[in-house]
Amino acid sequence: MGLDLKPLVTAQPIKLAELSGKVVAIDAFNAIYQFLATIRGPTGEPLMNGKGEITSHLSGLFYRNVNLLVENIKPVYVFDGKMHALKTQEVERRQQVKQEAMKQYSQALEEGRMEDAVKYGKRTSVLTESMVEESKRLLAALGIPHVQAPADGEAAAAHLTKADLAYAAASQDYDSILFGAKRLVRNLAVSGRRKVPNRNAYVDVEPEMIEHDNVLKETGLSHEQLVDVGILIGTDFNPGGFSGIGPKTALKLIKESGKLENVAKVKDQLQEVPYQEIRDIFLKPEVPKIDRIDFGAVDREKVLDYLCVQKSFSTDRVAGTLDRLQKAQDSRSQSLEKWFG
DNA sequence: CGGCGACA
DNA sequence: TGTCGCCGG
């Protein structure tokens, strides 16, 4: 489980149109993982072509990015680099959750409990190296750049906002706030109703933005103190955080005491946590050395060849979607010509 | 997730 | 025109 900053931050609902013309640095692993989890058939299997290759990530990336490009949003995908050693425990925990989900998944399938199969199937998603390569290849064909982070992708995305190479970072996780991202966009997708699993109910999921300055103003904390709050709650680098301390208590303790070392209540537990190192991960992250990001044009033939010829997508669907994008881009350049002749 | 057809 | 539910690969 990631960093639970949600109760401490105010998210502003935004329309995709408000990001028109803006560069958005998307956490690639976060996005791809979500596509793998969500885009599945009725028995909980991911989409696959005739060769048995998983295509959920490509489907998600294709339709999502076309929608972003139609809105004139400039996506740049940020891929994770080497993992910090302190994250090992959290990664192992996630692997165990996955193992358990695989058991539950096959059991549910055998017993014909399809809703359970779908539920557990989602949790079995594995993001492979070839999926990373495939994703990069599709993005390139769409003219969408990617950045290879030296370490944590969220740190790199946050850096791009600080360097004014991106307007916002996009992820479902809150880590980029601790990394100092100026803005975090969550639910970067076409807004709409989503069915909640196992229930006959729907929730409205709409894009929302969290501004770093606003978080500091509302909590009355410095960035350094916010990181301390995060460490109390628990990050990927100290999963679980401190026993008996949730977001609200963590905030209260740091506001009262100023910093971790002064919180009497956690004095004993603190000895077990490499908090200085975790502070440095967030406050002095390793970031990519980039001074510009180049955006390209959609290479229609490459997209069609890759998705339809190589990956067995429907040519009608893909071509139709590319036509829709082309039309949107044409009409935008038309209205620009009115201004500049 | 996102598109699209079915249906009101 | 809007909502619902299934299909995509």
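- Taking all atoms of both residues into account, the shortest heavy-atom contact from P247(A) to P7(A) is CG-CG, 3.7 Å.
- One hydrophobic cluster, built from ILVMFWY side chains closer than 4.5 Å, holds both I254(A) and I233(A).
- In summary, the side chains of E154(A) and Y174(A) do not present any donor paired with an acceptor at a separation below 3.5 Å, with no hydrogens or angles considered.
- Every residue two or more places apart in sequence or in another chain that forms a ring pair (Phe, Tyr, Trp, His ring centres under 6.0 Å) with F79(A) is listed here: H146(A).
- Within residues 25-33 of chain A, no residue has any heavy atom closer than 4.0 Å to DNA chain C.
- Side-chain polar atoms of E90(A) and N238(A) form no donor-acceptor pair below 3.5 angstrom.
- A donor atom on one side chain and an acceptor atom on the other are not found under 3.5 Å apart for R317(A) and S59(A).
- Computed from coordinates, the L307(A) CG to dG8(C) C1' distance equals 12 Å when rounded to whole Å.
- For F179(A), the ring pair (Phe, Tyr, Trp, His ring centres under 6.0 Å) partners are F282(A), not counting sequence neighbours.
- Proximity of residues 34-70 of chain A to DNA chain B (heavy atom under 4.0 angstrom from any strand atom) is restricted to T38(A), I39(A), Y63(A), R64(A), N67(A).
- For the pairing with S125(A), the side-chain hydrogen bond (donor to acceptor under 3.5 Å, both in side chains) check across K98(A), H57(A), R40(A) returns one residue only, R40(A).
- Contact check of residues 308-323 of chain A against DNA chain C (heavy atom, cut-off under 4.0 Å) returns K311(A), S312(A), F313(A), S314(A), R317(A).
- A salt bridge is absent between R183(A) and E18(A); no separation between the charged side-chain nitrogens and carboxylate oxygens falls under 4.0 Å.
- The side chain to side chain contact (heavy atoms under 4.5 Å, CB included) check on K267(A) picks up nothing, with sequence neighbours excluded.
- Rounding to whole angstrom units, CD of residue E71(A) and C1' of dG2(B) are separated by 14 Å.
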